[in-house]
**Q** 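Just passing along the structure, written as structure tokens.
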There are 2 protein chains.
Amino acid sequence: MRTRFQQGLDELKERLLEMGGLAESAIELASESLRKRDGRIAQEVFEREKLINESQRAIDEMGVDLLAMQQPMATDLRFVLAVLKINSDLERVGDLAVNIAQRSLNVAQEQELVIPVDIARMTTAVSTMVRRALESFLSAKSDVAQAVLQMDSIVDRMKDEAFITLVAQMKKDPERIRIYMDVLLITRSLERIADHATNIAEDVIFWVNGTDVRHNSRVATEPDSDRPASQ
Amino acid sequence: MRTRFQQGLDELKERLLEMGGLAESAIELASESLRKRDGRIAQEVFEREKLINESQRAIDEMGVDLLAMQQPMATDLRFVLAVLKINSDLERVGDLAVNIAQRSLNVAQEQELVIPVDIARMTTAVSTMVRRALESFLSAKSDVAQAVLQMDSIVDRMKDEAFITLVAQMKKDPERIRIYMDVLLITRSLERIADHATNIAEDVIFWVNGTDVRHNSRVATEPDSDRPASQ
């Protein structure tokens with residue numbers, strides 16, 4: 001019985017990592033769609049998101065079934081609960097990649113526009129957070145997860161800088177406010193992906209260490225962060 | 001044993017509803033802080049959010065303990081899982097109320113500004129969604145939860161209209177772009193609260209009916225919705 005249960009846990013882990021791979025590739029494709037201003041790449045993100053949604057349902061079902069049939073204890077229980085939470089975070093990452101891809105279609109209309117913020121650099125930081133968070137899950141290493149928490153404030157700062165730059169640019173060039181707004185909302189979607197990476201890292205720490213690290217790991221730098229500093 | 005378990009479930013429900021009350025009041029206060037342009041009310045939102053965070057931790061612990069000690073089956077298992085998810089949604093509602101309150105402090109700097117979108121109307125719609133979602137949880141009625149899902153597209157539409165109005169206003173009055181941006185981001189926070197209400201309603205349906213209604217209940221109207229339409 002224990003062996004079959006162990007198999008179930010292993011399969012759950014594998015499926016979640018597959019889904020993580022899909023979510024990572026959705027972020028990369030969304031960023032590429034923006035960089036190349038190519039609508040076909042945006043289309044690939046939409047396809048990827050469908051797979052992510054299917055995957056989420058399957059993992060949720062497997063997780064709930066494991067809880068119902070096997071009634072795991074202690075670490076195994078925390079593992080399954082962490083998987084269910086991470087699953088939901090990855091699904092949101094897919095949604096946010098779709099938002100970025102959709103906005104990249106607007107930006108593609110203005111082929112000659114020079115985007116005044118370094119989206120590629122921000123995307124790299126965010127993708128790294130997601131990848132590290134998934135690595136910490138794969139290796140069950142809470143120190144790797146801790147490192148992800150540290151990175152969140154870097155991305156928050158990038159978002160704040162982008163905000164200031166873009167508002168200044170809008171004032172200078174009001175005719176293009178709409179398109180700068182798309183860019184601004186892309187940076188916010190990226191920052192929200194970073195928040196989900198942080199959630200994943202926190203769930204790994206909860207699973208591995210049995211401790212809840214929320215509400216004391218992070219300091220938000222700008223009012224609209226998803227997880228504000230308690231004032 | 002069963003009785004003590006039942007007591008545990010009842011207590012969990014009660015605590016979650018209390019937390020729901022805190023989250024609702026945080027939304028109302030944030031909206032009032034904006035309407036009255038009064039920083040002291042914003043401060044109350046920050047205090048409320050601390051209580052929400054404490055409450056979240058306590059509920060998470062209770063829920064995990066119930067799963068570990070009692071190993072509930074079927075409906076009871078789904079109930080505890082739904083509570084854990086709703087708990088996390090309510091915590092985010094608290095965060096978003098803080099975002100709104102923080103931005104209301106910026107808006108308060110411009111006492112004479114006429115806000116060109118009806119934030120009060122949007123807040124009412126969003127608060128109603130949260131309240132109905134919590135009612136569906138209290139009464140275990142999936143038809144009430146279904147009604148919440150229907151309301152989400154109304155709020156999405158309000159957000160889209162606000163976006164168009166505010167971009168037009170920014171073009172007309174570029175000196176005030178920064179403040180219109182605050183208003184725009186407030187409407188987006190409200191829309192995200194509506195998304196969380198929708199999540200709560202979906203979790204109630206999952207608990208009551210044992211069915212997963214995600215990815216087929218909603219149509220997003222604007223690219224940046226948290227749950228995009230699959231293209």
Side-chain angles (χ1 to χ4, degrees), chain A residues 42-43 45-47 49-50 53-54 56-57 60-61 63-64 67-68 71-74 77-78 81 84-85 88 91-92 94-96 98-99 101-103 105-106 163 167 170-172 174-175 177-178 181-182 184-185 188-189 192 199 206 212 214-215 222-231, chain B residues 42-43 45-47 49-50 53-54 56-57 60-61 63-64 67-68 71-74 77-78 81 84-85 88 91-92 94-96 98-99 101-103 105-106 163 166-167 170-172 174-175 177-178 181-182 184-185 188-189 192 199 212 214-215 222-231:
Chain A
Q43 206 54 49
V45 178
F46 307 147
E47 295 302 321
E49 196 237 355
K50 283 184 205 158
N53 288 349
E54 283 165 24
Q56 187 206 11
R57 269 175 180 268
D60 245 16
E61 259 184 54
V64 174
L67 288 180
Q71 311 183 328
M73 311 274 287
L77 171 62
R78 289 202 310 271
L81 291 175
L84 293 176
K85 285 186 179 183
S88 140
E91 188 261 340
R92 294 309 164 92
D95 288 347
L96 290 161
V98 165
N99 293 346
Q102 286 173 322
R103 291 200 181 275
L105 295 178
N106 296 342
F163 184 87
V167 168
M170 285 178 193
K171 281 191 186 173
K172 261 196 269 177
E175 277 314 302
I177 284 177
R178 178 66 176 77
M181 191 71 89
D182 281 313
L184 188 139
L185 292 172
R188 302 190 95 77
S189 292
R192 285 171 61 191
N199 293 346
F206 162 75
D212 188 339
R214 285 169 304 189
H215 307 308
E222 211 256 342
D224 206 49
S225 171
D226 200 26
R227 310 288 289 274
S230 47
Q231 291 294 304
Chain B
Q43 206 55 50
V45 178
F46 307 146
E47 296 301 321
E49 196 236 357
K50 283 185 205 156
N53 288 349
E54 283 165 25
Q56 187 206 12
R57 269 175 180 269
D60 245 16
E61 259 183 54
V64 174
L67 288 180
Q71 311 183 327
M73 310 274 287
L77 171 63
R78 289 202 308 271
L81 292 175
L84 293 176
K85 285 187 178 183
S88 141
E91 189 263 339
R92 294 310 164 92
D95 288 346
L96 290 162
V98 165
N99 292 346
Q102 286 172 324
R103 290 199 180 277
L105 295 176
N106 296 343
F163 184 88
L166 286 162
V167 168
M170 286 177 192
K171 281 191 185 173
K172 259 196 272 179
E175 278 314 302
I177 284 177
R178 179 63 175 81
M181 192 70 90
D182 281 313
L184 188 139
L185 292 172
R188 302 191 93 77
S189 292
R192 285 171 62 191
N199 293 346
D212 187 340
R214 285 168 304 189
H215 308 307
E222 211 254 342
D224 208 47
S225 171
D226 201 26
R227 311 288 288 273
S230 50
Q231 292 292 306

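Please read these numbers as outputs of a predicted model, since none were measured by experiment. Naming: A, B, ... by sequence-line order, numbering from 1 per chain.
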**Q** Name the member of Val64(A), Val45(A), Leu84(A), Ile177(A) that forms the most heavy-atom pairs with chain B at distances under 4.5 Å.
**A**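 Top option by heavy-atom pairs under 4.5 Å: Ile177(A).
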**Q** Identify which of Met181(B), Arg78(B), Glu61(B), Glu175(B) forms the greatest number of heavy-atom pairs closer than 4.5 Å to chain A.
**A**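 Sorted descending by pairs with chain A, the first entry is Met181(B).
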**Q** Is there a side-chain contact between Leu185(A) and Arg188(B), using heavy atoms and a 4.5 Å cut-off?
**A**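 In short, these two side chains touch, coming nearer than 4.5 Å.
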**Q** Going by heavy atoms in the side chains, are Lys50(A) and Asn53(A) under 4.5 Å from each other?
**A**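 A side-chain contact is absent here, since even the closest heavy-atom pair is not under 4.5 Å.
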**Q** Is it the backbone or the side chain of Leu67(B) that comes under 4.5 Å from a heavy atom of chain A, or both, or neither?
**A**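 Both backbone and side chain.
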**Q** Could you measure the distance from the CG atom of Asn199(A) to the CZ atom of Arg92(B)? Nearest 0.5 Å is fine.
**A**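 The CZ atom of Arg92(B) is 4.5 Å from CG of Asn199(A), to the nearest 0.5 Å.
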**Q** Salt bridge between Arg57(B) and Glu54(B), side-chain N to carboxylate O under 4.0 Å?
**A**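 No salt bridge links Arg57(B) with Glu54(B).
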**Q** Can you tell me which portion of Leu105(B) sits under 4.5 Å from chain A's heavy atoms? Options are side chain, backbone, both or neither.
**A**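 Neither part.
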